[in-house]
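Order of listing sets the numbers, starting from 1, for every ligand and every atom in it. Nothing fancy with the numbering, it's 1 onward along the sequence.
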Amino acid sequence: MDSRVKKIREAAEFIREAIGGKTPEVGIVLGSGLGKLGDAIEAEAVIPYAKIPHFAKSTAIGHKGNFIFGKLAGKEVCAMQGRFHYYEGYPMEQVTLPIRVMAALGIKALFVSNAAGGLNQDFSVGDLMIICDHINLLPNPLIGPNFAEFGERFPDMTAAYDRGLIEKAEKIAKKVRIPVRKGIYLGNTGPSYETPAEVRFYRMIGADAVGMSTVPEVLVARHCGIPVFGMSVITNVSNIDTASATLNDGDDVVRAADAAADRMCRLFQKLIETL
Ligand code: HPA
């Protein structure tokens, strides 16, 4: 057996045993400062990443490092309270391993979230953005021999973010009066924030928000044929003024995400309820 597949199977087997053989319907990835949703889950198992075979350690700020299984909005879900980033030095195989593990556990949909910088000049700190599409400036995690057990060599990405889920989320947001934006997420490696010249460039190529995660997970989930819903919390607005006193700062990002997390949690829960 391919050693990569063996790792996925071993991690999935470990979790399956820890959750009493149950099948989560939805997988959730909670980004920087957005771990709160994990507290809303009626947890049946909270497994620190360090205990799961082949999982990396979560070193990023605002990332707790727990794999949670339990009930949320009447559904069995599993959630990553914190994710792995390429900038932490992990190879893409390890960054995306949890997604294939969740696929092996049987999830039928993946919800991803992140803290992001607002490139769109209409955006403000605290805005929620439904991700409609992405631009990938990270290495593609599907490079290498194809995992034929999971999906095809050249997966289509014309609808990487599920149209039906986007429509439903917009309707729910309107009904519960949570303002939402829609836009394109640009994923780059980080860990440095963008220069003013990069901000101008990313705006020019059509991105609305920029971050250092999510895209690899989405590519892997889509390779497995899993529908994806994504949301960015705008935690800072990207700056093109080199003389400005507002500099990007990781602690500010986590604080802003935390302040917006309740709204995002409510939307995720309402949307999961409809699945
Ligand atoms: N740039 C990149 N990643 C981010 C940002 C940003 O401005 N804010 C939160 N994550």
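- The nearest protein atom to atom 4 (C) of ligand 1, hydrogens excluded, is given as Val210 O, 3.6 Å; this is a heavy-atom distance.
- Between Glu76 and Thr23, every side-chain heavy-atom pair lies at or beyond the 4.5 Å cut-off.
- Counting heavy atoms closer than 4.0 Å to ligand 1, residue Ala116 contributes backbone atoms (N, CA, C, O) but none from C-beta onward.
- Between the side chains of Arg83 and Thr214, a donor-acceptor pair is found at a separation under 3.5 Å.
- Looking at atom 10 (N) of ligand 1, its nearest protein heavy atom turns out to be Ala115 O, 3.3 Å.
- Between Met92 and Leu142 there is no side-chain heavy-atom pair separated by less than 4.5 Å.
- Relative to the six-membered ring of Phe147, Arg100 meets both conditions, a distance below 6.0 Å and an angle of at most 45° to the axis.
- Counting protein heavy atoms only, atom 3 (N) of ligand 1 is closest to Gly211 CA, 3.3 Å.
- Look at Gly190 and you'll find every heavy atom at least 4.0 Å from all atoms of ligand 1.
- For atom 8 (N) of ligand 1, the closest non-hydrogen atom on the protein side is Asn236 OD1, 2.7 Å.
- Taking 4.0 Å as the cut-off between side-chain N and carboxylate O, Lys174 and Glu170 do not count as a salt-bridged pair.
- The Thr235 neighbourhood of ligand 1 comprises atoms 8 (N), 9 (C), with distances under 4.0 Å to a heavy atom of that residue.
- Counting only non-hydrogen atoms, the option in Ala256, Gly117, Gly187 that gets closest to atom 5 (C) of ligand 1 is Gly117.
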Val101 vs Ile8, side-chain contact (heavy atoms from CB on, under 4.5 Å): CA-CA, chis, key distance, verdict: CA-CA 5 Å; Val101 169; Ile8 294 160; 4.2 Å; yes
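- Listed for the Arg266 side chain is no donor-acceptor partner under 3.5 Å among the backbone atoms of Ile178.
- On a distance-only criterion, Glu194 and ligand 1 share at least one N/O pair closer than 3.5 Å.
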